[in-house]
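Shown next, in structure tokens, is the structure this report addresses.
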Amino acid sequence: MSVAGDVDKYEKVMELAKRRGFFWPSYEIYGGVAGFYDLGPLGVRLKENIVSLWREHFIKRQQHVVVEIETPIIGPSRVYEASGHIEHFTDPIVECLKCGRKFRADHLIEEKLGIKAEGLTPEEMTKIIREHDLRCPVCGGPLSEVRRFNLLFKTTIGPYTQNVGYLRPETAQGMFVAFKRVYEVSRQRLPLGIAQVGRVARNEISPRQGIMRLREFTIAELEFFFDPEDPWQGGVLDELLGRLGDTKLRILTADAKMRGKDKPEEYGVREAIEEGVITTPWLGYWMAIARDFVLDLGVSYSDMYFDEKLPEERAHYAAQTFDQLVRVSRLGWLEVSGHAYRTDYDLSRHMKYSGQDLRVFKPLKEPKIVEKKIVLVDPRWLGQTFRKKAKDIMNALRELDAESVEKRLAEKGYIEVLGARIPADKVKIVTKKEKITGKKFIPHVAEPSFGVERLLFVTLDHAYTERDGRVVLKLPRRIAPVKAAVFPLVRDERLVKIAREAWWRLLDAGFYAVYDDDGSIGRRYARVDEIGVPVAITVDYQTLEDGTVTLRDRDTWKQVRINLSDLVDAVRRFIYENTSLEKLAP
RNA sequence: GCGGCGGUCGUCUAGCCUGGACUAGGACGCCGGCCUGCCAAGCCGGAGGUCCCGGGUUCAAAUCCCGGCCGCCGCACCA
């Protein structure tokens, strides 16, 4: 059982991961570098299977509204200025020169002096600290200059240039920047989800907890664009929600937290959306998908909940955020995904910084004819009377509301614009008909975002069991890195020959499978149990007589006999259709 | 970054306090052979160690001292 604070199990899982080749610290022969991990042969395959399961849930099942792209890891600084990462991903830090403790300079100034310091330059903050003789709040020592620490990795683009580039801290900006093009190739339809799986880098100050907090890792992200005025997008969301049935989510709301609660409550997805617990419907839908996905990794419902972030805990771009937490050994609750309502923040920012129009056009069902009053002035008179000022006056007149102009003309017989008096007989108010076919707007975004390496750990942690003093990794069959093992009962030439043929047959059918004839049969079962091979096939003396072999279930250790000729199909059904062993026996 | 603790074959570990006889021991794992009729059986043989790195003290350092790196815990930090 997985219990928070189960240190022993954590050690065992990490030891297994290293010993059998799931993952280990990078650059080991040079002493290692904190925050970097290699994936080993089994780790790569497990990760691949987890990612493909993610694609099943987040892309394939919604393929009518979700597409996947791939964008570069390195981006020009402009992109990260626009995204707000250069400003917000950078913390102003002061260090105590005596005890070495570090503090957020702006927080310290606000807390101790009551001066708003957010957004000030490091120099300005240093000045404030000096003027008020602010000292270390812990030991009273003197403070250093204020420095900026940025979590973005910096590089240059091209040789010998000042052209600064950054390694992306999330894949999301790739989707925002490419939105217009993807929207085009997706036939200009909303809602539109753009997914990406890729590596990101964050220069963490002090990464720890092994593979749980890395400086470089893989993110599986979805930016889901929708119309904020019609979030249900006609029937699209309704249909998708309908297919979920009565999926329940465990949620600890910010509201509940502020009331001092720390236990999540259960909500139906629709209920959570309709009651406004989740402020935008699509965020709720993707949380339900996230729930199902993590369940498929072998995590039980009660070992998972969604934790709403308090306003001050949220990222700069988010209007509402939920973290999906999973219970793991030692660390307790671990964040495996974040679900953020990013509103139109990112697209607006990129519009501003790029100068491109990233809005989408929404046609009205029927074009609307609106009547609009406009102010007309006799242009000849205006030009001759005011000469060079005429153009400015004309522009100023256009800004005026026609109704109020009409009113003032009626009252006074003239209007004044920019000091120019225009009599009523030079002004005409006319009513014009205008046809409105639709409008442009900036889509809003709901974003589910997963840390893949964390999922890898979570999967191993929840699969780890012991039986009779041996390790049995009860990985869900679909994501097991090796699907089957083939053994001759003993190393008898006749059995070996048949076993190797059976093994090749599985390989030809596309399975990852191992063959082993070393040591006792029990030892071989143990070896493959430890890396979570779901099924073992044993060729024995009965095989010589009737052409049957045994299938042994990793989780129950039970065996059934099947015909050798049915092997590939039986394995396929066992792995991908989750058919029980008993049902495979003829 | 600060403080505490730690780092020895692939893995887990003994040895460190009290320096020498340590050619660094064990278990598991791994490789070869034998054996083996279903759950880490047995026998024979074998490979495998920069004792984290660098420097210092000493006739002599895995062992003592200093610095660095890495890990864990606490603090701080953390979209």
Side-chain angles (χ1 to χ4, degrees), chain A residues 7 10-12 14-21 24-36 40 83-85 88-89 91 93-96 98-104 107-108 136-139 141 144 147 149 151-152 169-170 172 200 202-210 212-215 219 221 309 312-318 321 323 330-331 335 337-340 342 447 449 451 467-472 487-492 495 517-530 536-544 549-550 552-554 556-559:
Chain A
V7 172
Y10 175 88
E11 298 286 356
K12 286 174 178 174
M14 294 303 273
E15 189 265 320
L16 176 73
K18 205 173 184 181
R19 186 163 49 78
R20 294 307 305 265
W24 56 76
S26 298
Y27 309 113
E28 272 183 306
I29 66 165
Y30 288 102
V33 181
F36 296 92
S83 72
H85 284 94
H88 295 281
F89 223 50
D91 294 336
I93 285 175
V94 268
E95 194 176 349
C96 170
K98 193 169 148 205
C99 71
R101 270 174 239 271
K102 289 189 164 189
F103 306 93
R104 276 287 293 270
H107 291 182
L108 196 65
C136 172
V138 177
C139 77
S144 71
R147 288 198 323 254
F149 182 81
L151 265 43
L152 294 174
E170 57 174 15
V200 301
R202 301 175 182 184
N203 206 356
E204 299 283 354
I205 296 170
S206 81
R208 226 184 277 162
Q209 271 130 23
M212 254 62 74
R213 204 161 146 218
L214 298 171
R215 287 192 166 118
I219 269 185
E221 230 162 21
K309 300 280 97 181
E312 62 269 26
E313 296 173 325
R314 289 197 299 252
H316 60 273
Y317 49 69
T321 302
D323 282 349
R330 175 185 281 185
L331 306 164
E335 175 196 339
S337 73
H339 299 259
R342 298 182 74 135
E447 172 202 73
S449 171
R467 178 169 177 179
D468 300 353
R470 348 190 302 204
V471 176
V472 180
F487 309 137
L489 183 59
V490 294
R491 202 185 286 170
D492 177 310
L495 304 186
D517 60 16
D518 185 46
S520 72
I521 188 75
R523 193 212 264 320
R524 285 177 261 152
Y525 286 142
R527 262 200 290 257
V528 294
D529 280 348
E530 198 178 48
I537 295 101
T538 302
V539 174
D540 57 16
Y541 287 100
Q542 195 180 323
T543 310
L544 297 177
V549 293
T550 67
R552 173 222 184 240
D553 183 339
R554 173 196 71 199
T556 62
W557 295 8
K558 284 189 182 142
Q559 287 178 299

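In the text below, chain A, chain B and the rest are named by the order of the sequence lines, each starting its count at 1. Below, each value reflects all heavy atoms present in this structure, side chains not excepted, and no hydrogens, waters or symmetry copies.
- Across all strands shown, A21(B) forms no Watson-Crick or G-U wobble pair with both key distances under 3.5 Å.
- Looking at heavy-atom distances under 4.0 Å, Thr550(A) makes contact with a base.
- In this structure, CZ of Arg470(A) is placed 13 Å from C1' of A41(B), rounded to the nearest angstrom.
- Residue Tyr525(A) places a side-chain atom within donor-acceptor reach of the base of C38(B), judged by atom type and a 3.5 Å distance cut-off alone.
- Considering only the side chain of Ser520(A), A41(B) comes nearest among G33(B), C78(B), A41(B).
- Using cut-offs of 30° and 60° for the angle between ring planes, the Tyr27(A) and Phe36(A) rings count as perpendicular.
- The phosphate of C73(B) has OP1 or OP2 within less than 4.0 Å of a side-chain N or O from Arg330(A).
- Here Arg552(A) does not reach the OP1 or OP2 of C39(B): none of its side-chain N or O atoms lies under 4.0 Å away.
- A residue-by-residue look at His316(A) and Arg19(A) shows that Arg19(A) has its nearest nucleotide of RNA chain B further toward the 5' end.
- Nearest nucleotide to the Ala315(A) side chain, out of A79(B), C78(B), C12(B): A79(B).
- Distance Asp518(A) CG to C35(B) C1': 12 Å, rounded to the nearest Å.
- Projected onto RNA chain B by closest heavy-atom contact, Ala34(A) and Asp529(A) fall at different nucleotides, the more 5' of which corresponds to Asp529(A).
- Between the base of C72(B) and the side chain of Gln209(A) there is no donor-acceptor pair shorter than 3.5 Å.
- As judged by a 4.0 angstrom heavy-atom cut-off over every strand, Arg314(A) is placed among residues making no nucleic acid contact.
- In this model, a side-chain donor or acceptor of Arg202(A) finds a partner on the base of A79(B) within 3.5 Å.
- Using a 4.0 Å heavy-atom cutoff across all strands shown, Gln542(A) reaches no nucleic acid atom at all.
- How far CZ of Arg330(A) is from CE of Met14(A): 8.5 Å, rounded to the nearest 0.5 Å.
- The side chain of Tyr317(A) has A79(B) as its nearest neighbour among U11(B), C39(B), A79(B).
- Each of A79(B), C38(B), A40(B) was ranked by its minimum atom distance to the side chain of Glu530(A); first place goes to A40(B).
- Put simply, the side chain of Arg554(A) never gets that close to the backbone of Asp529(A): no donor and acceptor are under 3.5 Å apart.
- Each of C34(B), C77(B), C38(B) was ranked by its minimum atom distance to the side chain of Arg213(A); first place goes to C77(B).
- Residue contacts shown for Ile29(A) include a base, since a base heavy atom lies under 4.0 Å away.
- The side chain of Tyr541(A) sits closest to G37(B) out of G37(B), C30(B), C31(B).
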